[in-house]
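Working notes, beginning with the structure itself.
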There are 2 protein chains.
Amino acid sequence: MIPSAAPPSGDGKPSRRDQILAAAAELFAQHGFRGVGIDDIGAAVGITGPALYRHFRSKDAMLGEMLTGISEYLLAGGTERIRRVGDADDILTGLVRFHVDFALQQPALITVHERSLASLGDEDRRRVRRLQRQYVEVWVTALRATVPRLDEPHARSAAHAVFGLINSTPHNRHLPGDDLAELLTRLALGALYAAK
Amino acid sequence: MIPSAAPPSGDGKPSRRDQILAAAAELFAQHGFRGVGIDDIGAAVGITGPALYRHFRSKDAMLGEMLTGISEYLLAGGTERIRRVGDADDILTGLVRFHVDFALQQPALITVHERSLASLGDEDRRRVRRLQRQYVEVWVTALRATVPRLDEPHARSAAHAVFGLINSTPHNRHLPGDDLAELLTRLALGALYAAK
DNA sequence: GGACGAAGTTAGTGAACGCTAACCTCGCTC
DNA sequence: GAGCGAGGTTAGCGTTCACTAACTTCGTCC
């Protein structure tokens with residue numbers, strides 16, 4: 001369900017790597033990548049800072065794994081949805097629901113994904129950028145199938161705008177989860193169909 | 001037009017303070033507050049790092065001034081717009097246009113405003129938070145005037161969501177400015193009227 | 001029960017960085 | 001033209017922080 005490079009290794013509980021990534025995501029979301037020390041991340045999982053280097057090559061590598069994980073998860077889920085046969089409107093709705101669900105379940109990852117691209121090394125940044133571009137293209141495809149009069153640049157801009165709308169979940173703590181999911185879905189679709 | 005604590009002092013050209021703030025905003029938007037050194041900011045305006053302390057008490061103070069400036073500008077502009085007499089729909093449209101214009105003219109400030117709250121000192125953070133809350137209330141007021149069936153929590157969430165939509169300008173480089181302004185306005189209003 | 005590897009510890013190193021101190025150089029004012 | 005304040009400079013201090021080295025602990029396998 002949640003993106004993870006190494007799945008929970010057979011038994012139930014998450015691997016140490018995943019524990020660390022989850023804790024780090026929460027901290028990065030709160031204080032920013034550069035605002036979190038290696039000791040803070042360690043403390044959050046009950047070990048000292050340097051022990052993290054048994055699991056990750058560097059602090060940058062943690063961020064890299066986090067961001068590529070998210071990007072791959074979104075692209076995979078999005079691609080799967082536009083491959084389904086059926087009504088174009090249903091597919092677009094499915095895409096919105098998929099992204100809304102992710103944003104609701106992982107607000108911390110959303111925040112990190114939006115803010116900390118700049119802190120990534122060159123290699124990882126290129127990779128994440130490419131995945132993001134491909135995800136946008138998934139949306140552009142779905143959008144133009146339902147609103148054929150929309151040209152590509154407008155569709156791309158509309159996609160970015162709707163990401164912004166849905167990704168507002170970290171600032172949106174006022175409503176119970178289900179209500180917020182429904183509201184965001186309706187707002188997103190309302191925006192997209194208004195794109196003309 | 002652009003928020004500035006000390007206006008351009010009579011003659012045309014911006015004060016040194018404002019030059020520095022503008023350069024710093026650009027850098028903070030690109031690399032994050034913690035990712036920018038005092039020497040980088042200085043270099044961007046052609047002086048050395050320590051010279052900045054002739055104009056600002058600290059690096060934190062620069063960020064503080066930047067963020068309170070933006071927040072005050074938005075609140076003032078928003079408040080002015082909902083005070084106007086006239087059709088509720090027109091007022092909401094005016095509010096959307098106002099925010100869209102700001103986001104288009106100052107994408108760097110938008111980015112900093114969203115990302116760097118955590119780096120602010122306690123005092124400034126409280127102040128900015130209060131201004132932001134008040135600005136949200138302006139939107140809630142306007143929204144509930146046009147969509148009376150919307151309760152307050154839903155209106156607040158819708159406002160946050162639409163901020164996310166409009167504040168996507170930093171990721172939105174594909175369209176000429178005028179087209180983007182029109183698109184974002186239409187998307188935002190489409191979303192808001194879909195809130196039911 | 002000895003060997004070994006995985007996962008932890010503490011101590012320490014080197015670089016980056018915010019900020020201060022001390023000094024310089026103008027342009028104004030009287 | 002002496003005095004002075006505004007706005008620069010360079011050198012350096014102290015802290016923070018990512019990362020490494022050296023050592024410990026412990027479960028597993030033969």
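So you know, we letter chains A, B, ... as the sequences are listed, proteins then strands, and number each from 1.
For the pair A:Lys59 NZ and D:dC17 P, the computed distance is 9 Å after rounding to whole Å. What separates CD1 of A:Ile20 from P of C:dG8 is a distance of 7 Å, to the nearest Å. One interatomic measurement links the two molecules: CZ of B:Arg34 to P of C:dG18, which rounds to 10 Å at whole-angstrom precision. Protein atom CZ of A:Phe56 is 12 Å distant from nucleotide atom P of C:dA7, rounded to whole Å. Atom CZ of B:Arg54 is separated from atom C1' of C:dT25 by 12 Å (rounded to the nearest Å). Spacing between atom CZ of A:Arg57 and atom C1' of D:dT20 amounts to 15 Å, rounded to whole angstrom units.
Distances shown here put a side-chain N or O of B:Arg16 below 4.0 Å from the OP1 or OP2 atom of D:dG8. Dashed line: the shortest gap from a side-chain N or O of A:His55 to OP1 or OP2 of C:dA6 is not under 4.0 Å.
Checked for salt-bridge contact, B:Arg57 and B:Glu65 miss the test: no charged N lies under 4.0 Å from a carboxylate O.
Proximity of A:Leu27 to A:Phe33: side-chain heavy atoms (C-beta onward) are nowhere separated by under 4.5 Å.
Taking a 4.0 Å limit (strictly below) on heavy-atom distances, residues 37-53 of chain A reaches DNA chain C at A:Ile47, A:Thr48, A:Pro50, A:Ala51. If you check residues 121-128 of chain A against DNA chain C, you find no residue with a heavy atom closer than 4.0 Å.
For A:His154 and B:His174, the gap between ring centers reaches or exceeds 6.0 Å. Separation of the B:Tyr135 and B:His99 ring centroids falls under the 6.0 Å cut-off.
With no hydrogens or angles considered, a side-chain donor-acceptor pair links B:His113 and B:Gln132 at under 3.5 Å. Remark: the B:Ser157 side chain and the A:Asn172 side chain contain an N/O donor-acceptor pair separated by less than 3.5 Å.
For A:Arg17 and A:Phe56, the positive end sits near the middle of the six-membered ring, less than 6.0 Å away and at most 45° from its axis.
Using the six-membered ring where Trp is involved, A:Phe102 and A:Tyr73 have ring planes that are tilted, between 30° and 60° apart.
Residues meeting the salt bridge (Lys or Arg N to Asp or Glu O under 4.0 Å) test with B:Arg133, sequence neighbours left out: none.
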